[in-house]
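Quick note on labels: first sequence line is chain A, next is B, and so on, each numbered from 1. Values below: all heavy atoms of this structure, side chains included; hydrogens, waters and symmetry mates excluded.
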There are 2 protein chains.
Amino acid sequence: MTSVDEPARPNGRIRDAARTQAEILDVATQEFARAGYDGARVDEIAARTRTTKRMIYYYFGGKEQLFTAVLERAYGVIRDTEQQLDVEHLDPVAAIRRLAELTFDHHEQHPDFIRLVSIENIHGAEHIAASEKLGKIGSPALDVIRRILASGQESGLFTADVDAVDLHAMISAFCFFRVANRHTFGALFGRDLVDPAQREHYRAMLGDMVITYLTAERAAQ
Amino acid sequence: MTSVDEPARPNGRIRDAARTQAEILDVATQEFARAGYDGARVDEIAARTRTTKRMIYYYFGGKEQLFTAVLERAYGVIRDTEQQLDVEHLDPVAAIRRLAELTFDHHEQHPDFIRLVSIENIHGAEHIAASEKLGKIGSPALDVIRRILASGQESGLFTADVDAVDLHAMISAFCFFRVANRHTFGALFGRDLVDPAQREHYRAMLGDMVITYLTAERAAQ
DNA sequence: CCTAATGTACGAACCGGTGAGTTAGTCATA
DNA sequence: TATGACTAACTCACCGGTTCGTACATTAGG
């Protein structure tokens, strides 16, 4: 019979640098998201991988660099997802609503990423600042917003003076808050913002909010 | 000449339990907001007060309870501020806008509080759950919203199906995100959401967003 | 004189990090 | 294809500083 404690080796290799590093990053992502930067334990990350703490230092250098690597990969996933956005065949109103909905979905599907961003903000975004990759990662979603907005403004559908970065902030704020602050909000107001039964309600609310803001005639300034 | 290292004793008392506790809470608020729960150091808090670590344990019991006490006081300040809200003499549209602006101002003026809330969410709001005070603290602002909303809906100014808690979430999301995520947002998009020169712009944006959402005629559902 | 308030000193576990040695995989060469 | 040299990948054992928490002594003040 086959030994029970012999670990599975999916690709047949006992030594596999890429797989070991990926496994460390997976577990580290969970651990940092669970407990925050200082609350996370390097020993705990090591214990939950098939490798040892020594390897974490071998590949990443230290806890700080490991967290940076976790952030880099998490932001990379976001960018890759955003690059597959396909909304520009829609009319501007439908395109913006769809983009908001996809942003909404993405936040809901990646609570660990939201937590990492919260944690990084607690630390003043110092790891992003220290990362070469993250400095020039860009935002495909922002480019999409920029183009839709220009098109909608040109055709007179949208209010003229709305900025793409501001609109992105508005959409992100709603999506982010709903996930990031669900615990305190739930405890204080007795309402779970991530209750599946309320999902469609909040998704529609976001779309309505953005579209009414974009299409309203604003008082002359 | 007077000894330089003799600390000032403003009220003449050397032993003053209330002042000692308040001083511990002040410093602990800064330290927890600076570094997060696990990043905060009890020794550091003690060093920055005129008392010793022993007194922190004497009065609060431990680090966990100290953080809970910090949260309780911070939320208490919010509630007291909200209780002084005076917007209901305005017409519903102006009242909601004014309320949103005051929420905006309050978030901007209390970044430490925002950080504490972020930290508490990282930890699943477990300290709020453990606190008797915080369970029943209520929210005067929410009561105000509820009344203005009802009045505006009755007079047909506001869309009928908007809920007070949802509106409060919408306003808070914008205000919270702007302060809480300013570091990552700034690093990634090169825009400081808390730049004083942009303050009026974002304040107006929030008001416009809320009012256009509330007064739009929504498509029949 | 009694007790709440405070100071001192220290313990014990924890935790990030490392020194030193070992093995698996690869590749050049005969 | 057999072999031996070489390096990346990995294991094991350990260290030293840090950090929460506390036992015990002391003092201010009513």
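- Taking for each of B/Tyr59 and A/Glu64 the nucleotide of DNA chain C with the nearest heavy atom, the 5'-most of the two is the partner of B/Tyr59.
- Atom OH in A/Tyr57 sits about 4 Å away from atom P in C/dG17, given to the nearest Å.
- The aromatic rings of A/Tyr202 and A/Phe174 are tilted relative to each other, their planes meeting at an angle between 30° and 60°.
- Salt-bridge check for A/Asp38 with A/Lys63: failed, with every basic side-chain N at 4.0 Å or more from each acidic carboxylate O.
- Atom CD in B/Glu23 sits roughly 14 Å away from atom C1' in C/dT6 (whole-Å rounding).
- Between the side chain of B/Lys63 and the base of D/dG21 there is no donor-acceptor pair of N/O atoms closer than 3.5 Å.
- For the pair A/Asp43 CG and D/dT11 P, the computed distance is 15 Å after rounding to whole Å.
- Distances from the side chain of B/Arg54 to the nucleotides C/dT8, C/dG16, D/dC20 place C/dT8 closest.
- Between B/Arg178 and B/Glu108 there is a salt bridge, with a side-chain nitrogen of the basic residue lying less than 4.0 Å from a carboxylate oxygen of the acidic one.
- Within 4.0 Å of B/Arg41, counting heavy atoms only, lie sugar-phosphate atoms of the nucleic acid but no base atom.
- Counting non-hydrogen atoms under 4.0 angstrom, A/Ala40 reaches the backbone sugars and phosphates but no base.
- No donor-acceptor pair closer than 3.5 Å links the side chain of B/Ser131 to the backbone N or O of B/His127.
- When each of D/dG21, D/dC10, D/dT11 is scored by its nearest atom to the side-chain atoms of A/Thr20, the top-ranked nucleotide is D/dC10.
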